[in-house]
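Shown next, in structure tokens, is the structure this report addresses.
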Amino acid sequence: MIGLGGAPLALTVAASCFLIALLPFPTVANDNLRVAYQWNQIDFVFPSETERQEAITTRRYIPENVLPVGLEVYKKRLFLTLPRWKEGIPASLGYINLNETTTQSPRLHPYPSWSAHKRSSETEAPEIVSPFRIRADRCGRLWVLDTGVEELLGNTTVTSPTSLLVYDLHNDNLLRRYEFPADHIKENSFYANIAVEDTDCDDTFAYAADLGSPGLVVYSWKQQESWRVKHHYFHPDPLAGNYNITGINFQWDDGLFGIALKAQPDGYSTLFFHPLSSLNEFSVSTKVLRNQTAATGENYHEFKILGSRGPNGQAGVAFVDQKTGVIFYALPNLNAVTCWKTSNRAYTIKSLGRVYMSTVDMVFPNDVKVDDESNLWVLSDRLHQYMYESLNRNDINFRILTATVKDAIQNTACDTNIKPLPDIITNLGDILRPSTSTVAPKAGSSGAGALSSAIGAMAVFAILSAFSYVRI
């Protein structure tokens, strides 16, 4: 009897059984992250206790209104953004010294100083108004994406133009302030995320995501100019706008949000991206984005769709660990952090790994980063409760969790210690694929072909499934 592709049926069956026997046993995620810091409310290191009390009395500091939304770790400092979405935010960017903290709930130092967050007059905006996301590059610079918007959840006021502020982390001096041109700001624009391509310190590119009026701004450090890119894939999916987190139901129609870069051998990077209200992941080469003509011209087919994260797979921020090639995602609807190996050709719910999930410690994961020592950091902050109800000052509302990348991805679909099968096994689909020949089969061979096809399909499915465990 003849099997698929001319192989004897007996050999096909034997090969299938042998390959299935080689498959590893399914594993489970270890949820290895631990809580490093946690707060009921955020407090600051004021110059004195007298000034702290004065700030509370004058409502310049309203503890219950302070919300951390962005995270970054550089060397021995952990930075948090604290946007002025409500009144009473004395400093909108702060840090803790990882070497000096003796408590799980340390007070924050304003960055770079108290004066950077104070108005010199009623008509002058402070140096830093209301940053959402920040990024420290390998060149020792801190990129601060400042929306310039105060009281977003109250009496919304645009205090200053959306800007990029770049600080020297060696001495905390402001290196550059770049205001977005007027044509970058559309109706409903709100720039909520940043990624930095820092392969060349003198020719660095920053990418800023506009979720309100979906678009991507590309900024060239060398040229000191920027351009705005638009694409269909930046827009939200109307079928993915429902959120239900810890019993609070709401709807968002946010566009481009998650952006993460992976360096490539050609000197460019792959930008992985997704709208917040979407289940899909997309990518584009920065070779396209860094070329102003190509980026702003007919570029539709340069952008690729990778696949879907499945039901409730809306993702917020994302970050790629350059050493392992693993991308981490914050999934607010699932109170989880997941991962995907960028070397994996498949992008499905089965190829994602569950890093951590908890309705206690991971309620609304809002930012994810990997530091230069290969540690994963995650900020969870109950954002939905802050926006639609109120935070209980007696509860732990904000947590920072951490683990080494190695421990975080251990026993998940992202585990880099899992070795791929040899090519002869990986290419089983080619070996067992039905013949496309137009030659009519011999009499009596149709049953054998059907059986062989079924066995081959089962073998391929079993192998793919073995490397695609459901982690969520």
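Computed over heavy atoms, backbone and side chain alike; hydrogens, waters and symmetry mates excluded.
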Q: Can you label the angle between the Tyr386 ring and the Trp85 ring as parallel, tilted or perpendicular, going by 30° and 60°?
A: tilted
Q. Going by the angle between their ring planes, with limits at 30° and 60°, are Trp252 and Tyr388 parallel, tilted or perpendicular?
A. tilted
Q.
Closer than 3.5 angstrom, by distance alone: can the side chain of Asn299 be matched with the main-chain N or O of Ala295 as a donor-acceptor pair?
A. yes
Q. Taking all atoms of both residues into account, what is the closest heavy-atom pair of Asn344 and Ser351, and its distance?
A. ND2-CB, 3.6 Å
Q | Shortest non-hydrogen separation from Val69 to Pro83 and the atoms involved | A | CG2-CD, 3.4 Å
**Q.** salt bridge (charged side-chain N to carboxylate O under 4.0 Å, His left out) against Glu100, all qualifying residues, sequence neighbours excluded
**A.** none
Q: Kindly write out the residues that satisfy salt bridge (charged side-chain N to carboxylate O under 4.0 Å, His left out) with Arg52, not counting sequence neighbours, or none if the list is empty.
A: Asp43, Glu49
For [X] and [Y], test the side chains for any donor-to-acceptor distance below 3.5 angstrom and give the result as yes or no.
X: Arg133; Y: Asn366; value: yes
X: His184; Y: Ser189; value: no
X: Gln264; Y: Thr270; value: yes

Q | With sequence neighbours excluded, residues passing side chain to side chain contact (heavy atoms under 4.5 Å, CB included) with His170 | A | Tyr74, Asp168
Is there a side-chain contact between [X] and [Y] in this structure, where contact means two heavy atoms from C-beta onward sitting under 4.5 Å apart?
X: Leu331; Y: Asn333; result: no
X: Phe46; Y: Tyr61; result: yes
X: Phe79; Y: Thr81; result: no
X: Phe180; Y: Leu164; result: yes

(Q) Quick test of your reading: applying salt bridge (charged side-chain N to carboxylate O under 4.0 Å, His left out), list the pairs with at least one residue in residues 204-219, sequence neighbours left out, ordered by first then second residue. (A) Asp210-Arg228
Q: Applying side chain to side chain donor-acceptor pair (under 3.5 Å), run through Tyr243 and Ser277 and close with a yes or a no.
A: CA-CA 9 Å; Tyr243 298 79; Ser277 294; 2.9 Å; yes
Q: Give a yes or no on whether Lys262 atom NZ has more than 12 heavy-atom contacts from other residues, nucleotides or ligands under 6.0 Å away.
A: yes
Q.
How about CG on Asp237, more than 12 heavy atoms from neighbouring residues, nucleotides or ligands closer than 6.0 Å, or not?
A. yes
**Q.** Lys/Arg-Asp/Glu bridge criterion (N-O < 4.0 Å) met for Asp372, Lys75
**A.** yes
Q. Between Phe234 and Phe273, does the ring centroid distance fall short of 6.0 Å?
A. yes
Q | Between Trp340 and Tyr329, ring centroids under 6.0 Å | A | no
Using distance only, find each side-chain donor-acceptor pair of residues 316-323 under 3.5 Å and give its atom names and separation, not counting sequence neighbours.
unit_1, atom_1, unit_2, atom_2, d
Asp321, OD2, Thr324, N, 3.3
Asp321, OD2, Thr324, OG1, 2.7
Gln322, OE1, Ala263, N, 3.1
Gln322, NE2, Leu261, O, 2.7
Lys323, NZ, Ser374, OG, 3.3

Please tabulate, for the side chains in residues 194-209, all donor-acceptor contacts under 3.5 angstrom to protein atoms that are two or more places apart in sequence or on a different chain.
unit_1, atom_1, unit_2, atom_2, d
Glu197, OE1, Tyr207, OH, 2.6
Glu197, OE2, Ser269, N, 3.2
Glu197, OE2, Ser269, OG, 2.8
Glu197, OE2, Thr286, OG1, 2.9
Glu197, OE2, Arg290, NH1, 3.1
Asp198, OD2, Arg138, N, 2.8
Asp200, OD1, Asp202, N, 2.9
Asp200, OD1, Asp203, N, 3.4
Thr204, OG1, Arg141, NH2, 2.7
Thr204, OG1, Asp200, O, 2.8
Thr204, OG1, Cys201, O, 3.3

Q.
Less than 6.0 angstrom from the centroid, inside 45 degrees of the normal: does Arg176 satisfy that with respect to the ring of Trp221?
A. yes
